[in-house]
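FYI, side chains are in, hydrogens and waters are out, and symmetry mates aren't considered; it's all heavy atoms of this structure.
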Amino acid sequence: MKRKRLYYALRLAILLALALLFIYPVLTTAIKSFSFEGKPGLYQYWELFVTNFTYLKYFWNSVFYASVITAVSILISLPLGFLFAKLRFKGRDSIFFIFILVYMLPFQATLLPNYIQLRDFGMLNTPLALTLPMMFSPFAVFLLRQFMKTIPDELIDYALLETSSVLKTFRYAVLPQIKPAIVSLAILIFCESWNMVDQALIFSMDNNDILPLSVILGEIPENVRYAGGTVYMFPIIMLFVMFRETLEQSMEAYKL
Amino acid sequence: MKKLVSVLSILFLAAIVFFTLMGERLFYSTKPSVEIDRPIMIGDRVFLPKTAVFKEEDGEYIYTVTVRQGFSAELLTVTRVRLLSSMEDDTGYLGEDYMIVEAEGYTNSPTVISSSRPLKDGDMVVEG
């Protein structure tokens, strides 16, 4: 009994230490954003939004890119995930294997082919260059396929018999079952695209106006950096807090 | 907790939208608007328009302007310079709207010619 308590206490201490380690930079940034030249208050935010008024232009760039990438990514990945999970056709497993292969490639491996393609299509230094490559996410297809595999085949067969339409089966039988998965995936994709840096730096070298906030954050004046960082973190933290239960539910239910 | 987060999110969004629409306008409207020019040097004499000399309780001052490139716009900061002497233009070169001034270390810096509001040392201003 004593040993169990000791083990529990030790585990709690380690987890607390790790949690503090992760939360310390976030808390420090947020707390220091409420002081300006030693005086407490919101003046740093005023300086950020008024004296450095173009900060918000880059903020909205990030919002636009993250929202578009998330929406289109989910729209494309849903039917593809269903295809790989439930429909049987020749070559299905081979094509899915190629998806996994591409998913495992690091970003740097696909950087040059992406760059060449975007250049040849005349899309470099445009918002399309920062959104298009990220819209096709093998990770999203993989995840949704795994979720959809847990839906009983009998349900799909029954729905197909009733509706005689794959599309209606997908809409009425499959989609309602994977709502938590879609929400979790949307949050993960949003976070990933919100933090995009490499793609923005390389695909938009000659056009600073379309850069996302993640790239510009290092260039804002020192006296407003804490406020800038807090505003940058705020949407992601709010998303996580609002959908924490859904995220935990889907991770637990589907062994993510 | 969720209600608090929702309220904070709405307030945050409202603030972001407000400053997106009004930020630049506030930048220009909350600062004194000034006209800037360089002094005219004739020989070793420094000529400035009379409007550039600000009479204050403890003497006469001019305001020089330092320009630096900020993140979003040029940032103009004024520095108050006390005049050692000033007199009407008796040379007839530039007319009665000008004064001959003398200040320590002041020769050819951009100077505030006129201002929409009283200035203080270190104030940020906008040109216009």
Nearest-0.5 Å distance that lies between atom CZ in B:Phe19 and atom CG in A:Leu48: 9.5 Å
Non-hydrogen atoms of A:Met242 and B:Lys2 that approach each other most closely: O-CE, 3.0 Å
A:Lys32 NZ: over 12 foreign heavy atoms closer than 6.0 Å: no
Aromatic plane relationship, B:Tyr28 with A:Phe53 - under 30° parallel, 30 to 60° tilted, over 60° perpendicular: tilted
Interface moiety of A:Glu47 toward chain B, non-hydrogen atoms closer than 4.5 Å: neither
Part of A:Phe234 within contact of chain B (heavy atom distance under 4.5 Å): side chain
Engaged part of A:Phe59 at the chain B interface, taking heavy atoms whose separation is under 4.5 Å: side chain
Exceeds 12 heavy-atom contacts within 6.0 angstrom, atom CD of B:Gln69: yes
A:Tyr226 atom OH: more than 12 heavy-atom contacts under 6.0 Å: no
Where B:Phe27 and A:Thr51 come nearest, the two heavy atoms and their spacing: CD1-CA, 3.6 Å
Flag if over 12 foreign heavy atoms under 6.0 Å of CD, B:Glu56: yes
Neighbour count >12 (heavy atoms, 6.0 Å) for atom CZ, B:Arg117: yes
B:Lys50 atom NZ, neighbour heavy-atom count above 12 within 6.0 Å: yes
Heavy atoms of other groups near A:Phe107 CZ, more than 12 under 6.0 Å: yes
Region of A:Val231 in contact with chain B, defined by heavy-atom distances below 4.5 Å: both
Nearest non-hydrogen partners of B:Val5 and A:Val241, listed with the distance: CG2-CG1, 3.2 Å
Heavy-atom pair of closest approach, residues B:Ser72 and A:Thr54: OG-OG1, 2.5 Å
Under 4.5 Å from any heavy atom of chain A - which part of B:Met124: side chain
Gap between atom CD1 of B:Ile16 and atom CZ of A:Phe49 - 0.5 Å precision: 4.0 Å
Atom pair CG (A:Asn52) and CG (B:Leu75), whose distance is rounded to the nearest 0.5 Å: 7.5 Å
CZ (A:Arg119) with more than 12 external heavy atoms under 6.0 Å: yes
Option in B:Leu8, B:Thr30, B:Leu13, B:Leu26 with maximal non-hydrogen atom pairs under 4.5 Å from chain A: B:Leu26
